[in-house]
Visitor: 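Below you'll find the structure I mean.
Protein chains get the first letters and strands the later ones, always in sequence-line order, with residue 1 at the start of each.
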2 protein chains.
Amino acid sequence: MNRDRAVTSLAALAQGTRLEAFRVLVQAGPTGLAAGDLAERLGISPPALSFHLRGLAQAGLVHARQQGRFIYYSAAYDAMQSLVDFLTENCCGGAACAPARAPARKSTSRRIV
Amino acid sequence: MNRDRAVTSLAALAQGTRLEAFRVLVQAGPTGLAAGDLAERLGISPPALSFHLRGLAQAGLVHARQQGRFIYYSAAYDAMQSLVDFLTENCCGGAACAPARAPARKSTSRRIV
DNA sequence: CAAATGATTAAATAGTTATTGAAATGTTGA
DNA sequence: TCAACATTTCAATAACTATTTAATCATTTG
């Protein structure tokens with residue numbers, strides 16, 4: 001995992017329909033779902049689903065396999081785990097993360113967010 | 001954490017400059033960095049940084065505090081952890097989920113606080 | 001108060017993304 | 001082969017995102 005791949009993966013998940021599709025596939029398990037079933041479940045048109053699945057597949061977050069006239073999509077758990085590992089690595093400069101969980105200091109400085 | 005908040009957070013991280021900014025802040029620790037220092041470090045203009053920090057702040061991934069004329073930005077570790085938890089929850093339909101839930105092979109970095 | 005500094009906001013623009021309907025591709029079974 | 005079905009690709013458009021320059025806001029200091 002590197003920055004560009006992480007951006008691609010994050011972008012793939014950073015959209016309501018795709019995040020929902022991915023989560024449905026995660027819960028569907030390794031067998032996955034046929035594209036048509038997934039489209040119906042999400043309430044979107046087949047071309048719309050195809051567009052979004054393309055993004056997820058390019059990011060490596062879902063796998064597709066053809067079975068007869070159906071194409072089954074399933075979640076790529078390992079890719080998901082790689083992304084999570086990347087996001088959480090080098091936290092706190094590699095040092096102990098304890099300081100990060102210290103309550104926000106009530107200094108004279110003004111909190112603006 | 002819900003779907004919409006997750007999408008906002010993922011979108012905030014799904015851009016090279018913002019992901020890089022966030023990672024720099026994560027490594028900078030709880031004190032964070034002044035906006036100017038961060039802009040210089042990333043090699044982008046102040047307005048560009050302001051635009052990107054706004055996205056990260058709205059997603060709750062960074063905190064800002066004013067100190068004199070400087071505004072210090074720091075990573076919100078707890079928000080990051082919430083996102084990671086959301087992404088990995090309900091994995092495999094709640095059933096046994098060895099592939100995705102196994103401890104990270106090369107590190108123990110999944111938890112960041 | 002005025003000047004200087006750090007940062008944000010505004011306006012304009014180029015580039016990217018999502019959505020829709022129509023057409024095309026590929027697979028199965030009569 | 002032909003008809004039916006599942007899915008994808010194409011083309012057009014609307015909406016959103018990122019970047020730039022100029023202007024504005026806020027804080028400190030002379």
Visitor: Identify, with sequence neighbours excluded, every residue that meets side chain to side chain contact (heavy atoms under 4.5 Å, CB included) alongside A39(A).
Guide: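 Side chain to side chain contact (heavy atoms under 4.5 Å, CB included) list for A39(A), sorted by chain: L49(A).
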Visitor: Rounding to an integer number of Å, can you tell me how far L33(B) CG sits from dG6(C) C1'?
Guide: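 Going from L33(B) (CG) to dG6(C) (C1'), I get 15 Å.
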Visitor: Just to be sure I understand the geometry, which residues of residues 36-46 of chain A put a non-hydrogen atom under 4.0 Å away from DNA chain D?
Guide: G36(A), P46(A)
Visitor: May I have all residue pairs that pass salt bridge (charged side-chain N to carboxylate O under 4.0 Å, His left out) and include part of residues 4-21 of chain B, sequence neighbours excluded?
Guide: R3(A)-E20(B)
Visitor: When you match P47(A) and T17(A) each to their closest nucleotide on DNA chain C, which lands nearer the 5' end?
Guide: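 Nearest-nucleotide comparison on DNA chain C picks T17(A).
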Visitor: Nearest heavy-atom pair of Y77(B) and G29(B): which atoms, and what distance?
Guide: OH-CA, 3.4 Å
Visitor: Heavy-atom distance under 4.5 Å between the side chains of L61(A) and S9(A), does that happen here?
Guide: yes
Visitor: In this structure, are over 12 heavy atoms from other groups packed under 6.0 Å from Q58(A) atom CD?
Guide: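 Yes - once you tally the heavy atoms of other residues, nucleotides and ligands closer than 6.0 Å, there are more than 12.
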Visitor: Are H52(B) and dT17(D) close enough that a side-chain N or O sits under 4.0 Å from OP1 or OP2?
Guide: no
Visitor: Check the pair L10(B), L87(B) against side-chain contact (heavy atoms from CB on, under 4.5 Å), reporting the backbone distance first and the verdict last.
Guide: CA-CA 10 Å; L10(B) 290 163; L87(B) 289 175; 4.2 Å; yes
Visitor: Whole angstroms only, please: what is the CG-P distance between L49(B) and dT9(C)?
Guide: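 After rounding, the reported distance stands at 12 Å.
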Visitor: With a 4.0 Å cut-off on heavy atoms, is F70(A) in touch with a base, just the backbone sugar-phosphate, or nothing at all?
Guide: sugar-phosphate
Visitor: Could you check which residues of residues 2-14 of chain B get a heavy atom under 4.0 Å from DNA chain D? Sort them by number, please.
Guide: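 DNA chain D contact set from residues 2-14 of chain B: none.
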Visitor: For Y73(A), report the nucleic acid contact type (base, sugar-phosphate, nothing); a contact means any heavy atom under 4.0 Å.
Guide: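 Since only primed, P, OP1 and OP2 atoms lie under 4.0 Å of Y73(A), the category is sugar-phosphate.
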Visitor: Please report the shortest heavy-atom distance between A21(A) and L42(A), naming the atom on each side.
Guide: CB-CD1, 3.6 Å
Visitor: What's the closest nucleotide to the side chain of A34(A) if the choices are dA18(C), dT7(D), dT9(C)?
Guide: dT7(D)
Visitor: Atom CG of L53(B) to atom C1' of dA7(C): distance rounded to whole Å?
Guide: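 Distance, rounded to whole Å: 10 Å.
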Visitor: If the condition is side chain to side chain contact (heavy atoms under 4.5 Å, CB included), which residues does Q67(A) pass it with, not counting sequence neighbours?
Guide: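 Listed in chain order: R65(A), Y72(A).
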Visitor: Who are the side chain to side chain contact (heavy atoms under 4.5 Å, CB included) partners of A6(B), not counting sequence neighbours?
Guide: L19(A), M1(B), L83(B), F86(B)
Visitor: Among all residues two or more places apart in sequence or in another chain, which pass the side chain to side chain contact (heavy atoms under 4.5 Å, CB included) test with S45(B)?
Guide: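 S45(B) satisfies side chain to side chain contact (heavy atoms under 4.5 Å, CB included) with P47(B), A48(B) only.
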Visitor: Does any residue of residues 54-69 of chain A have a heavy atom under 4.0 Å from DNA chain C, and if so, which ones, in number order?
Guide: Q66(A), G68(A), R69(A)
Visitor: Any sub-3.5 Å donor-acceptor pair from Y73(B)'s side-chain atoms to L38(B)'s backbone N or O?
Guide: no
Visitor: Measure from CD1 on I71(B) to P on dA26(D) and round the result to the nearest Å.
Guide: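 From I71(B) CD1 to dA26(D) P: 11 Å.
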